[in-house]
Amino acid sequence: MPSASSVLLAIHVKRTDNVELKNPILSYIRETYSDREAEDAVDDLVAIQTLRNELVTSQAGSQLTAKDSYIKYYKCLTSIETRFPISNEKGNVRISFPWTDAFRPSKKTSQSNIHYEKAAVLFNVAAVISQQALQVDRATADGIKEACKLFQEAAGMFGHLKESEAAKVDNPRPVDLSPECLSMMEKLMMAQAQECVYHKAVMDKKSPGTLARLAKQAGNMYGEVSAIFNQPVVVQHFERSWVAHTKMKASLYDVNALMDQAKQYNSDTKIAFEIATLSEAFVRMQSVKALAKAVSSEMADSLKSQEEVLTLALTKAQKDNNTVYLERVPAFADVPAVQPAILVKAAPPTNLDASSENLFSGLIPDSSAKALSKYTDMVDSISREQLTALADATDAARITLKQAELPDLLEALDGAELPDLLEALDGVSSASVPEGLLREIEEVGSIGGPQHLQEILTEMGELRRHVEGDLSACQAALDEEAQADAGARAQYGDEWRMPTSATLAKHYWEKLHSYRSTMAQAGESDGKVIQRLRDHEALFAALTPDAAANQLPRLQAPLVSTGADPAVVVASLRRNMEGLSQLSNDRAGLEDRLKELKARDNILPKLMAAGSANTDALFERELKKYDALKADVAANVGRNAELLAAISRDAQAFKAVFEVPAWRAACEGAAGGIKTTLKTYKEVLDHLSEGLRFYMSLQEAVKQHQQQCSDYAYTRALQRDDMRQDLDRRRREAPAYMSYGGAPPPANPPYQQQQPYGGQQQQQPAYGKAAGASACRTFSAGEAAADGAAQRNKIGWFTSSCSWAP
C-alpha cells in the first residue's frame, strides 16, 4: 500500500505529432544555396527526420529508455539552429512544431520556433529522468542513492531549461514552459532528492538530531513547491492531488523533524523540551492527516502507525515527567527551533554539447558557426548584466523598505492603500502588530486556526462513536451469553452444573461499567471544552494579522508639532513611495523587453553573408540595438537609488514627527486582549489534543475488551453445547439400563472421576483425551476474575469437550 512517506512524483512527458523537417529545409537550401548543397544535406536530414519520427512512435510505450534519443535529437536541433532560420517570416524555413502540455494533454501549442522544439525536448529529458528515479528500488541503500542522484539531475535539467531555451519561446508561452512552472518542477525534484537523503540517513541509523535537520529541510523545500502552486500562472493548471501532495509532504516532514528532535531531547534527558515538541507534533499531525485524506484514503491510513508511535511517545514522556522528573513544560515557542540542513544541489546537464556532431559540415563553414556562438555569448553577457542590475535594484528597495517599516507605517496611519507597492515588492507584515504576537498569530493560521479545532472535535466525535459502538457490542455479547445460560438452567435444572454467568462474567461487567463511567466523565469534559470553543469562536476567527491590526491603535499626528509639518512629511513619503512603485513596474517591463529582444536576435543570415573577415564589425553594429535598453536600465537603477535615499530620510522624519516608538508601546499595551485570546486558543487546542489522544487510547483498550468478551461468550457457547450433548445422551441411556433392573454403569468407565452432580458420588465424563478428542483445560470462576489481558490468554478456541471446575 502506498504510504505518505514513500510516494514521490514523476513528471509527465510532453507529446507531439509527426512533423515534416526534411522537405522544408531542403527547399530552403536549394533557394539559398544550390541543388548540389541540398543533395549533400539529404542524408543528414533523413537521419534527423527518422530520429524525430521514432520519438513520436515511442510515445505509445514506456518513455524510460527514450532519454538518449531525446538528447541525440536535441544535439541535431542545435546544428539546425546555427544554420537554418526557422520562423514564419518570409525567406525563413517554415516548420510548425506541435506539443501538448505535460499536465493538460488536451492543450496543444504549435510554434515555428526552433527554441520551442528544443525546450520541449529538454523538458522530456528531465521528465524521463524523474520517471527513472521512481523506478529505482529505494528500499536499498544503493537504490536510494541512485534515486537521489537522478532527482538532482532532473532538477538541474529543469533549471537549465528555464534559463536557456524556455526563455526564447514565443508568447503566449505554454504554462508547462513558464518560469513559474519550471521553477516549481526544479524545486520539486530537489525536495524529493532531500527526502531520499533523509531516508538514507534513517537507514544508516544517524542520530535523531541529524535526522531532524534533514527532515526540516525537506519540509521547507516542499513548502516552497507548495507556495508556487498559488501563483496565478499555475494555480488552476495542476490537478488538486498535486497541490495536496506537496502540502501534505511539507507538513509531514515538519512533523518528522519534530519527532526526531524529540528523540534527541530524550537522549539528552531534556524531558520538558521533549514533551513540548511531541505535543506540537501531535497537533500538526492532525493537519497532515487532513491533507493526506485530500490525496487518497490509503495515504491517510498509512499515517496511523506513525500517529500511534507519536501518541505512545508523548504519553510515556508525560508519565515519566509526572512521576520522575517533575519539570515545567515550556511553550513550544520557547523551544529552540530545528535548524535545517540541505545536502543536495541541482546537477547541471553535461551531455548537451553538440560541437562533436558532424552535421551539414559542408553547408556552413565551421568559422561561421563559431562566430555565431561567440555573438551569442556576448548577447548572453549583456543580458545577464542588465538583469542582475534590475534584480539588485529590486532587492535594495525591498531591504530599504523593510528597514524603514514601510509601507506598514503609512497604512497604520490611515489605512490608505499604496498603488500595487505591496505586490510589487513581495509585501511586508503589518507594523502595528508586535513582532512576537504576529508570529504567534501566523502560527495559529498555519495549522488552520479555528477550523483546525473543529476538525479535531469532529475526529473526537467519530472516535467516541466507535468506542460507544464497541461497548454496546460488549454488552450485547454478555447479555446474549447470560440469556443462553439462564435458558439452559431452566431446561436442565439441578443437572446443569456449569458456573453461573453472573459469577464468571463479573469481571467483564465491572470493566464494561468502568469504561461507561469513564466515557460519561469524558463527555462532561468534552462539553466544557466545546462550550468554551463556542464562547470564543468569534474571537478565534479574528486571530489573523489583518484583524489583529484593526484592533490596535492607528498612528495619529500630534496635536502640537514642534518639528516638521506632519502633512508635508507624509506627502513627501507618499510621493517617493509612489515613484518607487512605478520604477518597480518599469523594471518588469524592461526585463520583458530585454528577453524579447534577445529571443528575436538572429544574425545567422547576416553572418553568413558577411563572411569570417567582417565579424567584429558586424557584432559591433548588431550589439548597438541593446544600447537604448541599457540606457533605460541605468536610468531606472540610478533613479531607484535616489528615491531610496529620499525615502530613508523621510522615514526618519516620519518616525520622529509621529512618535512611532510611543505608538509602538501603546500597541503593545493594547494587544493584551489578543494575547488572552491566543492563550485561550492554545488551551482549547491542548484540551482537544489531549482528548483526541485519550479517545485513541480508549478505543484500543475497549477493542481489546470487546475481543475478550467475544472470546468468553464463544467459549461458554462451546461449553454449553458439550454439556447439553452429554446430559441428553445420559437421559437417553438411563431408561435402557433401568429396564434390566440395574443401575446404569459408569459413562465411559476409563474416564477420570469428577465431582458428581447433586452432591452424590456418580461417574462424570471427563471429556479428555480418552474420549478421542483434543485435550483442553478447565475454565473456572476464579480464572474469570483475573486481569483482562491474562484472561484472554487463558480462554482458548475450544474444538472439543472440556472438563469443568465448578
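Values below: all heavy atoms of this structure, side chains included; hydrogens, waters and symmetry mates excluded.
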Looking only at heavy atoms, which two atoms of [X] and [Y] are closest? And how far apart?
| X | Y | answer |
| --- | --- | --- |
| Phe97 | Asn113 | CD1-O, 3.7 Å |
| Ala244 | Ala294 | CB-CB, 4.0 Å |
| Arg15 | Gln59 | NH1-O, 2.7 Å |
| Ser112 | Asn88 | OG-OD1, 3.0 Å |
| Ala193 | Cys148 | O-SG, 3.5 Å |
| Val169 | Leu177 | CG2-CD1, 4.4 Å |

With a 4.5 Å limit on heavy-atom distance, are the side chains of [X] and [Y] in contact?
| X | Y | result |
| --- | --- | --- |
| Pro232 | Glu180 | no |
| Met577 | Leu401 | yes |
| Arg138 | Cys196 | yes |
| Phe123 | Ile11 | yes |
| Met157 | Leu352 | yes |
| Asn640 | Leu580 | yes |
| Phe103 | Val234 | no |

Walk me through it: do Leu188 and Trp242 pass the test side-chain contact (heavy atoms from CB on, under 4.5 Å)? CA-CA 11 Å; Leu188 175 61; Trp242 280 68; 4.0 Å; yes

Any donor and acceptor pair, going by atom type alone, linking the side chain of [X] with main-chain N or O of [Y] inside 3.5 Å?
| X | Y | value |
| --- | --- | --- |
| Ser302 | Ala4 | yes |
| Thr50 | Val46 | yes |
| Asp44 | Phe360 | yes |
| Arg94 | Pro24 | no |
| Tyr116 | Thr109 | yes |
| Asn53 | Asn18 | no |
| Gln131 | His12 | no |
| Gln49 | Lys22 | yes |
| Ser130 | Ala127 | yes |
| Ser178 | Val175 | yes |

Is Asp395 salt-bridged to Arg398, cutoff N-O under 4.0 Å?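 Between Arg398 and Asp395 there is a salt bridge, with a charged N closer than 4.0 Å to a carboxylate O.
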
Quick one: do Arg587 and Glu591 make a salt bridge, cutoff under 4.0 Å?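 No.
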
Does Met248 form a side-chain contact (heavy atoms from CB on, under 4.5 Å) with Met299? I'd like the steps, not just the answer. CA-CA 10 Å; Met248 182 269 294; Met299 202 71 70; 3.9 Å; yes

CA sep, side-chain torsions, deciding dist, call: Lys75, Leu359, side-chain contact (heavy atoms from CB on, under 4.5 Å): CA-CA 10 Å; Lys75 294 179 179 179; Leu359 296 172; over 6 Å; no

[atom1] of [X] to [atom2] of [Y]: how many Å apart, nearest 0.5 Å?
| X | Y | atom1 | atom2 | value |
| --- | --- | --- | --- | --- |
| Ile80 | Ile86 | CD1 | CD1 | 6.0 Å |
| Asp101 | Lys108 | CG | NZ | 12.5 Å |
| Gln192 | Leu150 | CD | CG | 12.0 Å |
| Leu9 | Lys249 | CG | NZ | 8.0 Å |
| Asp586 | Leu390 | CG | CG | 10.5 Å |
| Leu21 | Leu26 | CG | CG | 10.5 Å |

Are Tyr222 and Asp254 linked by a side-chain donor-acceptor pair shorter than 3.5 Å?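 Not at all, the side chains of Tyr222 and Asp254 share no donor-acceptor pair under 3.5 Å.
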
Verify the neighbour count for atom NZ of Lys625: are there more than 12 heavy atoms of other residues, nucleotides or ligands below 6.0 Å?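 More than 12 heavy atoms, drawn from other residues, nucleotides or ligands, come within 6.0 Å of this atom.
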
Should the heavy atoms of other residues, nucleotides or ligands under 6.0 Å from CD of Glu20 be counted, would the total exceed 12?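 It does: Glu20 CD has more than 12 such atoms within range.
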
Please collect all salt bridge (charged side-chain N to carboxylate O under 4.0 Å, His left out) contacts where either partner lies in residues 219-239, sequence neighbours excluded, each pair once.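 Every salt bridge (charged side-chain N to carboxylate O under 4.0 Å, His left out) pair that includes a residue of residues 219-239, provided the two are not neighbours, is Lys187-Glu224.
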
Could you note down all residue pairs passing salt bridge (charged side-chain N to carboxylate O under 4.0 Å, His left out) where residues 168-179 supplies at least one of them, sequence neighbours left out?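 Found Lys14-Asp176.
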
Would you please classify the geometry between the Phe84 ring and the Tyr28 ring as parallel, tilted or perpendicular, with 30° and 60° separating the classes?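 Tyr28 vs Phe84 ring planes: perpendicular.
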
side-chain contact (heavy atoms from CB on, under 4.5 Å) between Ile71 and Val121, intermediate numbers included: CA-CA 8 Å; Ile71 292 176; Val121 170; over 6 Å; no

Could you go step by step and tell me if Asp377 and Lys374 meet the salt bridge (charged side-chain N to carboxylate O under 4.0 Å, His left out) rule? CA-CA 5 Å; Asp377 290 341; Lys374 179 180 178 182; over 6 Å; no

Applying salt bridge (Lys or Arg N to Asp or Glu O under 4.0 Å), name anything that partners Lys598, two or more places apart in sequence or on another chain.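 Per chain and number, Lys598 pairs via salt bridge (Lys or Arg N to Asp or Glu O under 4.0 Å) with Asp380.
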
Show your working on salt bridge (charged side-chain N to carboxylate O under 4.0 Å, His left out) between Glu117 and Arg52 and close with a plain yes or no. CA-CA 11 Å; Glu117 178 85 342; Arg52 194 185 195 284; 2.7 Å; yes

